[in-house]
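Structure record follows, encoded as structure tokens.
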Amino acid sequence: MGEENKELKEALFYKRKNAFEECGDAGCDAASAYAEDYKKFLDASKTEREAVIAAIALAEKQGFRSYDFGDKLEVGGKYYFNNRGKSIYFFRIGTEPVENGVFISAAHIDSPRLDLKQNPLYEDSGMGFFKTHYYGGVKKYQWTAIPLALHGVVTKTDGTKVSVVIGEDESDPVLYINDLLPHLAREQMSKTLAQGITGEQLNILLGTKPIDNKSGDSAIKLNLMKLLNEKYGFTEEDFQSAELCGVPAYKARDIGLDRSLIGAYGHDDRVCAYAALTALFHTTDEKKTVVTILADKEEIGSEGTSGMQTMLFLDLLDEIASAFGANIHKLRRNSKCLSADVNAAFDPNFAEPYERSNSSYLNGGVCLTKYTGSGGKSGTNDASSEYVAYVRNIFDQNGVVWQSGELGKVDAGGGGTVAKYIAKYNIETVDLGVPVISMHAPYEVISKLDLYMTYKAFHSFNK
Ligand code: MN
Ligand code: MN
């Protein structure tokens, strides 16, 4: 190729960026420093309820305060609406009329896990267990033979609520799910990965000691129930109104000899939640009204009062509009949203379901996704050409290293996000997020630079 054509190639071809090349040592240092605080947030946020508490603690330090319907809203005010302790909406009112639109960032704070059934406690063959019903898309075999922690709440009929965390403190015991030894697994090993461990085998091992050391009918179960009652004050019937779950007992840690990656439970999607939240804190443009949504229930279809499909989001926009005498319809039409969720990073060990030119890559920066969906874009928001161009331009103007990525090959599978539940209110919305290795596994992996670029993406959107 002649020199002239090399220049032509340079000018015409799309070149995938590499965040190391773009950021250099200074960028890596900034990303590593940012990652330290992110890991602390993750360790404190293993359920959506814990993420709400951790987010409020951070936000109050930044001057955000609790808002309820009907409260007075002021220009420059920083507010949060805590939705039942399970999802949360942060907003800061700008000086420009809200009719000109608000800038929304949305992410979800629920992650795949093993929920306890409502009647979970039993004993069998000298062992006490909790029965579980998995939450979200899990590969069941990944949840056996690893240390698990128990998190959640138990609400009693008098309304008192107790928070449970077992297995996080170094001095705590951890819990466990049994698997079959390979010596006897000839039949199990011949099954598919989907069938090798079934949902009904995901029973959490709790102990073996009978009450008063005397074996007998339900003596192990009684001892376990006594231990729970002594520590938390609830009885077996109170499980009926409990939300308890088994989650990996691992802490977030650096991965790799070069420490360029972070391993943790629940990057999906607390990584985007943390990036969106901290970008909101650092927003300096006083003109814009900025909203950050941390939603629940995304992993099971954004259902319920805490999922993105609830009317609450519309109610809050309505409150903001009426507080300033604005037309809600204009407010919505002029608003813009970055709907953040993780994407599948290309993995050479599992190359088959990926399409190389349209996958996201580790250290390629924040991943912009025009459409998600499955089976012919079904169930996607599919952002408009105009809006994708608007967002691209913001990123380019602000040194955000970004890439585009679809989840995988056409018809290889797919998935959805909260984007369409925001777009349905006539709000321009596009998906973006952090590429993840081993998404939905008990320990997921992301890159520190991609995390930092996602923070920068939100920040440049809000400024
Ligand atoms: Mn997600
Ligand atoms: Mn997910």
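Keep in mind it's a predicted model, so treat the numbers as computed, not measured. Atoms within each ligand, like the ligands themselves, are counted from 1 in listed order.
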Can you name the N, O or S atom of E299 that is closest to the Mn ion (ligand 2)? OE2
Should the ring pair Y390 and Y387 be called parallel, tilted or perpendicular, given that the plane angle runs from 0 to 90° and is split at 30 and 60? parallel
From C272, does some N, O or S atom reach closer than 2.8 Å to the Mn ion (ligand 1)? no
Output field for angle at the Mn ion (ligand 2), H440.NE2 vs D268.OD2, rounded to 10°, should show 90°
What about the rings of F461 and F103, do their centers lie closer together than 6.0 Å? yes
Using the salt bridge (charged side-chain N to carboxylate O under 4.0 Å, His left out) rule, pick out the option among K161, R84, R49, R113 that qualifies with E243. R49
Can a donor-acceptor pair be found, under 3.5 Å and without considering hydrogens, that links the side chain of K131 to the backbone of N119? no
N/O/S atom of D341 under 2.8 Å from the Mn ion (ligand 2), yes or no? no
